[in-house]
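Only one structure is covered here, and it is reproduced in the block below.
Because the structure is predicted, anything quoted here is derived from the model rather than measured.
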Amino acid sequence: MKISSHATRSQARFGADTAGFTLMEMMLVLLIISLIIGGAALMFQNITASAEKNTTKAKVRSLEASLVSYRLDNGGYPTQAQGLDALVSQPTVAPQPRQWKQLVKSDGIVDPWQRKMGYRNPGKHNPSGVDVYSFGEDGLDGTQDDLGNW
C-alpha cells in the first residue's frame, strides 16, 4: 500500500475516513458528565436535608398531640422521669397513669438521625406545658438546627 506524504500511519492503517475522538474531546465529555452528576448529588443532598427537617417537624406535632391525649386520659403530662417512653410503654415509676394506652410506636420517638426525641416537663420554652424537640442533625443543644414545639 502506498502512503501519500500527507497521510499519517493511522490513516493508512484504518482509512482516512475513520472517525474517532481526541483525548481532549473525551476529557471534555467526562468533565461535563462529572459536573452534571455533581450538581445532581448536591440537589439530592438538599432535598434529603429538607425531608429530614419536615419529618422532624411532623413528629414533634404528632408527639405533642399524643401528649395532650395522654394528659386528658391521665390528668397530667408524663413526668420528666417518665419522658416520651410513657407514650410507648406503661410507666413503671410514679405517678402511675390511671388509663394508660399506647399512643405511639417505639420508632415514633426517634428523629431521622436515629436519636431519641427530647422531652422537658415543665418546658423551658413552654413553661405552662411541655417541650418536645430534636437537636437536629448535629445532635447539639442550642444550635440553629434544633427543632421543637416552640
Side-chain angles (χ1 to χ4, degrees), residues 8 10-11 13-15 17-150:
T8 65
S10 64
Q11 287 174 329
R13 201 174 318 145
F14 300 111
D17 59 346
T18 301
F21 295 106
T22 65
L23 179 60
M24 187 60 81
E25 290 170 330
M26 290 183 70
M27 288 175 58
L28 182 64
V29 168
L30 289 174
L31 175 68
I32 292 169
I33 291 171
S34 297
L35 289 173
I36 291 170
I37 291 173
L42 285 174
M43 285 175 40
F44 181 73
Q45 185 177 18
N46 290 339
I47 290 169
T48 302
S50 178
E52 289 168 339
K53 195 174 187 178
N54 289 336
T55 299
T56 303
K57 287 178 183 178
K59 278 196 174 192
V60 165
R61 285 191 300 271
S62 174
L63 287 171
E64 194 172 24
S66 296
L67 285 164
V68 168
S69 179
Y70 183 96
R71 186 191 69 189
L72 292 173
D73 288 344
N74 300 294
Y77 290 114
T79 65
Q80 181 69 35
Q82 293 169 335
L84 293 174
D85 290 325
L87 303 175
V88 177
S89 58
Q90 188 165 2
T92 56
V93 296
Q96 289 296 314
R98 54 184 183 209
Q99 293 180 351
W100 185 87
K101 62 183 172 198
Q102 183 178 15
L103 297 169
V104 178
K105 293 187 179 190
S106 59
D107 62 344
I109 60 173
V110 177
D111 68 15
W113 301 280
Q114 301 308 307
R115 288 187 294 271
K116 192 172 177 182
M117 301 283 285
Y119 174 76
R120 284 189 204 108
N121 183 7
K124 176 176 152 184
H125 297 277
N126 300 304
S128 60
V130 294
D131 290 347
V132 180
Y133 57 91
S134 167
F135 289 140
E137 186 176 6
D138 66 5
L140 301 173
D141 187 13
T143 57
Q144 189 175 357
D145 68 340
D146 293 357
L147 299 165
N149 63 337
W150 51 82

(message) For Gln144, is the CD atom crowded, meaning more than 12 foreign heavy atoms sit under 6.0 Å from it?
(response) no
(request) Quick one: pull up CZ in Arg115 and CD1 in Ile109 and give me the separation to the nearest 0.5 Å. (result) 14.5 Å
(request) Could you grab the distance from atom OG of Ser66 to atom NZ of Lys59, nearest 0.5 Å is fine? (result) 11.5 Å
(message) I need the Leu28 CG to Ile33 CD1 distance, nearest 0.5 Å.
(response) 10.0 Å
(request) Over all heavy atoms of both residues, which pair between Tyr119 and Gln80 is shortest? Give the atoms and the distance, please. (result) O-NE2, 2.9 Å
(message) Looking at Pro91, is its backbone amide N or carbonyl O close enough to the side chain of Gln96 to form a donor-acceptor pair, meaning the two atoms are under 3.5 Å apart?
(response) yes
(request) Please identify each residue that fulfils salt bridge (charged side-chain N to carboxylate O under 4.0 Å, His left out) with Asp85, with sequence neighbours left out. (result) Lys116
(request) Over all heavy atoms of both residues, which pair between Gly142 and Asp146 is shortest? Give the atoms and the distance, please. (result) N-OD2, 2.6 Å
(message) Show the nearest heavy-atom pair for residues Trp113 and Ser134, with the distance to one decimal.
(response) CZ3-OG, 3.8 Å
(request) For Pro127 and Pro122, work out which heavy atoms get closest and say how close. (result) O-CB, 3.8 Å
(message) Please identify which of these residues, Val68, Leu67, Leu63, Leu84, meets the side chain to side chain contact (heavy atoms under 4.5 Å, CB included) condition with Val130.
(response) Leu67
(request) For residues Phe135 and Asp141, determine if any side-chain heavy atom of one lies less than 4.5 Å from a side-chain heavy atom of the other. (result) yes
(message) Can you confirm whether Val88 sits close enough to Gln102 that some side-chain heavy atom of one is under 4.5 Å from a side-chain heavy atom of the other?
(response) yes
(request) Mind checking salt bridge (charged side-chain N to carboxylate O under 4.0 Å, His left out) for Lys101 and listing every partner two or more places apart, or none if nothing turns up? (result) Asp73
(request) Taking all heavy atoms of Gly148 and all of Val60, pick out the closest pair and write down the distance. (result) C-CG1, 3.8 Å
(message) Distance check, rounded to the nearest 0.5 Å: Asn149 atom CG versus Tyr133 atom OH?
(response) 10.5 Å
(request) Check whether any side-chain heavy atom of Pro112 sits under 4.5 Å from a side-chain heavy atom of Glu137, and report yes or no. (result) no
(message) For Met117, run the side chain to side chain contact (heavy atoms under 4.5 Å, CB included) check against Val104, Val110, Asp111 and tell me which one passes.
(response) Asp111
(message) Would you say that Tyr70 contacts Gln82 through its side chain, given a criterion of any heavy-atom pair below 4.5 Å between the two side chains?
(response) yes
(request) If the plane angle is over 60° it's perpendicular, under 30° parallel, otherwise tilted; pick one for Trp150 and His125. (result) parallel
(message) I'd like to check Asn74 versus Gln99 (side-chain heavy atoms, cut-off strictly below 4.5 Å). Are they in contact?
(response) yes
(request) Kindly write out the residues that satisfy salt bridge (charged side-chain N to carboxylate O under 4.0 Å, His left out) with Asp131, not counting sequence neighbours, or none if the list is empty. (result) Arg120
(message) Using only atom types and a distance under 3.5 Å, with no angle test, would you say the side chain of Asp145 pairs donor to acceptor with the backbone of Asp138?
(response) yes
